[in-house]
> 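Quick one: the structure is below, questions incoming.
Note: hydrogens, waters and symmetry copies are ignored here, and every other heavy atom, side chains too, is used.
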Amino acid sequence: MYLADIHIRNYRCFADERILFAPGVNVLLGENNGGKTTVISALSLVLDQGSRRRPQFFDFHHPPIDERLPPAITISVTFRSSDTDTVQDKALVATWLTKLDPPWEAQVTYTFMLEPDDHARCYHELSTIPAGDRVQYRRIVESFLDKYVAHTYGGNLDNRLVADRESLDKISLHSLDALRD
């Protein structure tokens with residue numbers, strides 16, 4: 001199986017972006033501040049449970065899509081089967097499957113958001129500030145940051161099936177630091 005795509009929503013420089021990958025080695029090339037490091041960081045949030053750090057205010061995409069809504073980060077990674085996959089490979093991601101017919105697909109989604117009660121309170125506070133008041137927006141969102149919760153789900157996100165850590169730990173993420181001339 002291989003990493004087929006990543007869908008990044010409301011994370012750093014990406015408001016809503018899907019990046020496709022091909023089987024084999026993939027290389028991210030682009031200008032400075034183009035989002036290459038953000039893609040690697042997003043993959044790490046989903047797949048590298050051990051080194052995951054807690055997102056902060058500036059990890060949310062700015063400007064917000066709707067400044068009345070509490071920001072939330074969602075990153076989905078899709079794996080697709082290849083001709084060399086074994087039964088054990090499919091078993092590893094069995095609870096994450098979103099497409100059963102060959103080539104099968106499995107999805108893991110990381111979310112960083114407020115629980116419903118805190119979301120409602122934050123929404124209420126954000127709705128009281130004047131449009132475009134970035135200072136008040138930041139103050140309110142930062143006051144709720146300690147209430148944000150990170151979850152990693154396997155399969156269709158609508159099912160909210162928590163991805164088991166043991167399976168996630170069997171997927172390794174390797175990246176090289178930026179190569180400078």
> Do side-chain atoms of Ser143 reach the backbone of Ile140 as a donor and acceptor pair under 3.5 angstrom?
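Checking the backbone N and O of Ile140 against the side chain of Ser143, a donor-acceptor pair under 3.5 Å is found.
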> Where the side chain of Asn26 meets the backbone of Ala22, is there a donor-acceptor pair that is under 3.5 Å apart?
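Yes; at least one donor-acceptor contact below 3.5 Å.
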> Quick one: CZ on Arg80 to CE on Met1, what's the gap to the nearest 0.5 Å?
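Interatomic distance, Arg80 CZ to Met1 CE, rounded to 0.5 Å: 13.0 Å.
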> Please indicate whether Asn159 has more than 12 foreign heavy atoms, meaning atoms of other residues, nucleotides or ligands, lying under 6.0 Å from its CG.
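It does: Asn159 CG has more than 12 such atoms within range.
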> Find the distance between CE (Met113) and NE2 (His151) and round it off to the nearest 0.5 Å.
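Going from the CE atom of Met113 to the NE2 atom of His151 covers 8.5 Å.
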> Please find out if less than 6.0 Å separates the ring center of Phe79 from that of Phe21.
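Aromatic pair excluded; centres sit 6.0 Å or further apart.
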> Got a donor-acceptor contact below 3.5 angstrom from the Asp118 side chain to the Glu115 backbone?
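Side chain of Asp118 to backbone of Glu115, a donor-acceptor pair under 3.5 Å: no, none is there.
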> Within the supplied structure, the quantity of interest is the number of heavy atoms (other residues, nucleotides, ligands) at a distance under 6.0 Å from His124 NE2; does it exceed 12?
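Incorrect, the count does not exceed 12.
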> Looking at every heavy atom in both Ser82 and Tyr2, which two are closest together, and how far apart are they?
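Where Ser82 meets Tyr2 most closely, the heavy atoms are CB-CD2, 4.4 Å.
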> What's the shortest heavy-atom distance between Asn10 and Ala72, and which atoms?
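Closest approach of Asn10 to Ala72: ND2-O, 2.8 Å.
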> Keeping Lys36 on the side-chain end and Gly30 on the backbone end, is there a donor-acceptor pair under 3.5 Å?
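Looks like yes, one N/O pair under 3.5 Å.
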> Using 30° and 60° as the class boundaries, would you call the ring planes of Phe57 and His62 parallel, tilted or perpendicular?
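Because their plane-to-plane angle lies in the 30° to 60° range, the rings of Phe57 and His62 count as tilted.
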> Would a hydrophobic clustering, with Ile, Leu, Val, Met, Phe, Trp and Tyr connected at side-chain separations under 4.5 Å, put Leu145 with Ile73?
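Yes; tracing contacts between hydrophobic side chains, which count when under 4.5 Å, links both residues.
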> How about Arg121 and His119: does a side-chain donor come under 3.5 Å of a side-chain acceptor?
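Side chains of Arg121 and His119: no pair found under 3.5 Å.
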> Would a hydrophobic clustering, with Ile, Leu, Val, Met, Phe, Trp and Tyr connected at side-chain separations under 4.5 Å, put Ile19 with Val77?
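Linked, Ile19 and Val77 end up in one cluster.
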> We want to know whether Tyr11 and Ser41 form a side-chain donor-acceptor pair, criterion being a heavy-atom distance below 3.5 angstrom.
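The criterion, which ignores hydrogens and geometry beyond distance, is satisfied for Ser41 and Tyr11.
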> Determine yes or no for a side-chain-to-main-chain donor-acceptor pair under 3.5 angstrom, with Asp59 supplying the side chain and Gln56 the backbone.
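Yes.
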> Measure across Ser81 and Pro103 and return the closest heavy-atom pair with its distance rounded to 0.1 Å.
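So the two residues come closest at OG-CA, 3.2 Å.
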> Tell me whether Phe60 is reachable from Phe58 by hopping between hydrophobic residues (I, L, V, M, F, W, Y) whose side-chain heavy atoms are closer than 4.5 Å.
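Phe58 clusters together with Phe60.
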> More than 12 non-hydrogen atoms from neighbouring residues, nucleotides or ligands closer than 6.0 Å to CG on Asp146, yes or no?
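Count over threshold, so yes.
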> Looking only at heavy atoms, which two atoms of Leu97 and Trp104 are closest? And how far apart?
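Minimum heavy-atom separation between Leu97 and Trp104: CD2-CE3, 3.6 Å.
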> Determine whether Pro71 and Phe144 make a side-chain contact, defined as any pair of heavy atoms from C-beta on separated by less than 4.5 Å.
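Answer no - side chains too far apart.
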> Any chain of hydrophobic side-chain contacts (each under 4.5 Å) joining Val27 to Val39?
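Not linked; separate clusters.
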> Can you list everything that forms a salt bridge (charged side-chain N to carboxylate O under 4.0 Å, His left out) with Asp66? Sequence neighbours excluded, please.
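Asp66 satisfies salt bridge (charged side-chain N to carboxylate O under 4.0 Å, His left out) with Arg68 only.
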> Has His61 got a side-chain atom pairing as donor or acceptor with Arg12's backbone, closer than 3.5 angstrom?
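Answer holds: yes.
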> Checking Lys90 side chain against Ala94 main chain: does a donor-acceptor pair fall under 3.5 Å?
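Not confirmed, Lys90 side chain does not pair with Ala94 backbone.
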> Tell me whether Val108 shares a hydrophobic cluster with Leu100, the cluster being built from Ile, Leu, Val, Met, Phe, Trp, Tyr side chains joined at under 4.5 Å.
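They do share one cluster, since a chain of ILVMFWY contacts under 4.5 Å joins Val108 to Leu100.
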> Taking the side chain as every heavy atom from C-beta outward, state whether Pro70 and Tyr148 have any pair of such atoms under 4.5 Å apart.
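When only atoms from C-beta onward are counted, Tyr148 and Pro70 do touch, with a gap below 4.5 Å.
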> Is a side-chain N or O of Asp5 found less than 3.5 angstrom from the main chain of Leu3, in a donor-acceptor match?
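Side chain of Asp5 to backbone of Leu3: no pair is present.
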> Treating Asp89 as the side-chain partner and Thr86 as the backbone partner, does any N or O pair qualify as donor plus acceptor under 3.5 Å?
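Confirmed, Asp89 side chain pairs with Thr86 backbone.
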> Can a donor-acceptor pair be found, under 3.5 Å and without considering hydrogens, that links the side chain of Glu67 to the backbone of Ile65?
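No, the answer is negative, given that no donor and acceptor are paired below the 3.5 Å cut-off.
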